[in-house]
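Below: the structure, in structure tokens.
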Amino acid sequence: MGNTTFAIIKPDAVKNNYTGKIYNHILDSGFDILCAKLIKMTRAQAEGFYGIHKDKPFFKELTTFMSSGKCMVLALSKESAVSEWRKVIGATNPEEAEDGTIRKLYATSLGENAVHGSDSDENAKIEIAFFFSDIEIIQNK
Ligand code: CMP
């Protein structure tokens with residue numbers, strides 16, 4: 001397993017002022033934050049990032065939401081980072097997320113579920129490269 005993953009604090013969480021709480025939750029869970037920045041995605045960026053879902057019925061809803069406001073993108077480091085981060089965020093649908101997980105604490109619905117996490121080491125690399133340059137990542141390692 002790799003030691004790096006990619007995370008997003010999504011527009012619902014930023015709008016609801018949960019950015020600081022989620023940032024602390026990340027640190028308290030033992031992750032090192034390699035890189036973080038607050039951005040507002042264009043629709044084209046959201047469509048590119050979530051291209052894997054382009055044929056899903058929720059694609060339009062998802063990309064409209066992800067380009068609706070500011071979000072924070074982060075590269076995180078920890079041993080087995082992908083699976084560790086997925087444990088910390090909980091199930092995609094907050095109604096199914098375990099107590100104490102970020103989605104249980106801060107998400108409002110399946111569509112507006114507060115945070116994103118890569119689902120594999122391969123996708124973590126692709127997703128980090130989508131938002132961060134090598135220089136940004138390497139300087140902080
Ligand atoms: P995320 O982990 O960012 O990856 C894809 C996102 O699509 C997922 O979180 C959900 O927010 C969203 N999603 C998945 N299923 C649905 C659905 N049925 N309706 C709306 N959004 C969905």
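Counting starts at 1 for both ligands and their atoms, in listed order.
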What residue pairs, at least two apart or across chains, pass side-chain hydrogen bond (donor to acceptor under 3.5 Å, both in side chains) with a residue in residues 11-29?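 Non-adjacent pairs meeting side-chain hydrogen bond (donor to acceptor under 3.5 Å, both in side chains): zero.
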
Non-hydrogen atoms of Leu74 and Phe132 that approach each other most closely: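 That would be C-CE1, 3.9 Å.
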
Any donor-acceptor pair under 3.5 Å linking the side chain of Arg103 with the backbone of Ala97?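 It does not hold such a pair.
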
So does Glu98 pair up with Lys87, basic N to acidic O under 4.0 Å?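 Salt bridge between Glu98 and Lys87, a charged N being under 4.0 Å from a carboxylate O: no.
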
Under the criterion side chain to side chain donor-acceptor pair (under 3.5 Å), I'd like the reasoning laid out for Glu47 against Thr63: C-alpha separation, chi angles, the key distance, then a yes or no. CA-CA 6 Å; Glu47 287 174 353; Thr63 52; 4.5 Å; no

Do we get Lys78 above Phe31's six-membered ring, with its NZ or CZ under 6.0 Å from the centre and within 45° of the axis?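 Lys78 over Phe31 ring: yes.
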
Mind checking what residues have non-hydrogen atoms under 4.0 angstrom from ligand 1?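 Those residues closer than 4.0 Å to ligand 1 by some heavy atom are Lys10, Tyr50, His53, Phe58, Glu61, Leu62, Thr92, Arg103, Leu110, Gly111, Asn113, His116.
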
